[in-house]
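Any value given below was found using the heavy atoms of this structure, including those in side chains, with hydrogens, waters and symmetry copies removed. All residue numbers in this chain count up from 1 along the given sequence. Note that the coordinates shown come from a computational prediction; the quantities given were computed from them, not determined experimentally.
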Amino acid sequence: MRKIALFVMGLVVSATVLAQEKLETNIGSDIVSQYIWRGQDLGHVSLQPTLGVSYKGLSLSAWGSVGLTDSDDTKEFDLTLGYTTGGFSIGITDYWFSEGADLQNRYFRYNAHGTNHIFEATVGYDFSAFSLAWYTNFAGNDGMNKSGDRAYSSYVEANVPFCLGGADWTATAGAVPYATTSYGTSGFAVTNLALKAVKDIKVSDSFSIPVFVQVVANPCSQRAYLVFGFTLQ
């Protein structure tokens, strides 16, 4: 019996170790001086936590944003299911905002014409030297086109990573291909030109904090922003 018990215990330990090797958990949070998303100003100083798990290219993550200095900032809670193989990636995101078509701000309301949820599909490819992704809203509280119909609001973005001066940099160019009230565009428009630098700031011999600064310009809205933030994980 003792040998059997030890054998079973060994199987349990081995299975646990194996699961830990294959399943990864990600916990962290950004704190930003301003919440800028795809060239749009969505809030002031914000706390943006994330929780995710991934397994063999499949991932499920939760992400949120809440204002720290302005109680009127819209709260956000997003869920994303994604899959990556090689450089190819696909995903579906459920965005929820505390302001929208539902004046009572109910999370579990999915009425087609009275929800604060927006559902978006993503497809992208990472070519190593640069990455390209296309995003399209397919359900929920989407914007309208010039005819007053659902716009199926879309956004396309290219990112080019590079190293310079001891920091990791990313150059971004994003555009909205056609008219939608979601992005405030009347046709094709470049809405996001950004340059971001990330550098680890050493706090102690065993602890450092990734700090980033990002310059963002939105030619469509004629706005520009300088954002500072850091990541805890």
- Item | Among Gln48, Glu76, Gln40, side chain to side chain donor-acceptor pair (under 3.5 Å) partner for Tyr35 | Glu76
If you look only at distance, which donor and acceptor atoms sit under 3.5 Å apart when one is on a side chain in residues 85-97 and the other is two or more places apart or in another chain?
unit_1	atom_1	unit_2	atom_2	d
Thr93	OG1	Thr80	OG1	2.9
Asp94	OD1	His117	ND1	2.7
Asp94	OD2	His117	ND1	3.3
Tyr95	OH	Glu120	OE1	2.7

- Quick one: is the NZ or CZ of Lys196 closer than 6.0 Å to the six-membered ring centre of Phe212, and within 45° of its axis? yes
- Query: Asp41 side chain to Gly43 main-chain N or O, any donor-acceptor pair under 3.5 Å?
  - Reply: yes
- Salt bridge Asp149-Lys146, side-chain N to carboxylate O under 4.0 Å: no
- Query: Below 4.5 Å, heavy atoms only, C-beta onward: do Gln233 and Ile27 meet side chain to side chain?
  - Reply: no
- Item | ILVMFWY cluster membership beyond Leu47 - transitive side-chain contacts under 4.5 angstrom | Ile31, Val45, Val66, Leu68, Ile201, Val203, Phe207, Ile209, Val211, Val213, Val215, Leu226, Phe228, Phe230, Leu232
- Item | Tyr225 with Val32, same ILVMFWY side-chain cluster at under 4.5 Å | yes
- Query: Checking Asn137 side chain against Asp142 main chain: does a donor-acceptor pair fall under 3.5 Å?
  - Reply: no
- Are Trp169 and Leu132 linked, directly or through other ILVMFWY residues, by side chains that come within less than 4.5 angstrom of each other? no
- Intermediate values then yes/no, side chain to side chain contact (heavy atoms under 4.5 Å, CB included), Gln214 and Leu195: CA-CA 6 Å; Gln214 186 176 28; Leu195 190 61; over 6 Å; no
- Message: Tell me the closest heavy-atom pair linking His113 and Ala101, and the distance in Å.
- Response: O-CB, 4.2 Å
Could you list the donor-acceptor pairs under 3.5 angstrom formed between side-chain atoms of residues 171-190 and any protein atom two or more places apart in sequence or on another chain?
unit_1	atom_1	unit_2	atom_2	d
Thr172	OG1	Asn159	OD1	2.5
Tyr178	OH	Tyr152	O	3.0
Tyr178	OH	Ser154	OG	2.7
Thr180	OG1	Ser153	OG	2.5
Thr180	OG1	Ser182	N	3.0
Thr181	OG1	Met144	N	2.9
Ser182	OG	Gly143	N	3.0
Ser182	OG	Ser153	OG	3.3
Tyr183	OH	Arg38	NH1	2.8
Thr185	OG1	Tyr178	O	3.2
Thr185	OG1	Thr180	N	3.3

- Do Tyr110 and Phe119 touch side chain to side chain, with heavy atoms closer than 4.5 Å? yes
- Task: Mark yes or no for whether Asp102, through its side chain, and Gln104, through its backbone, hold a donor-acceptor pair below 3.5 Å.
- Result: yes
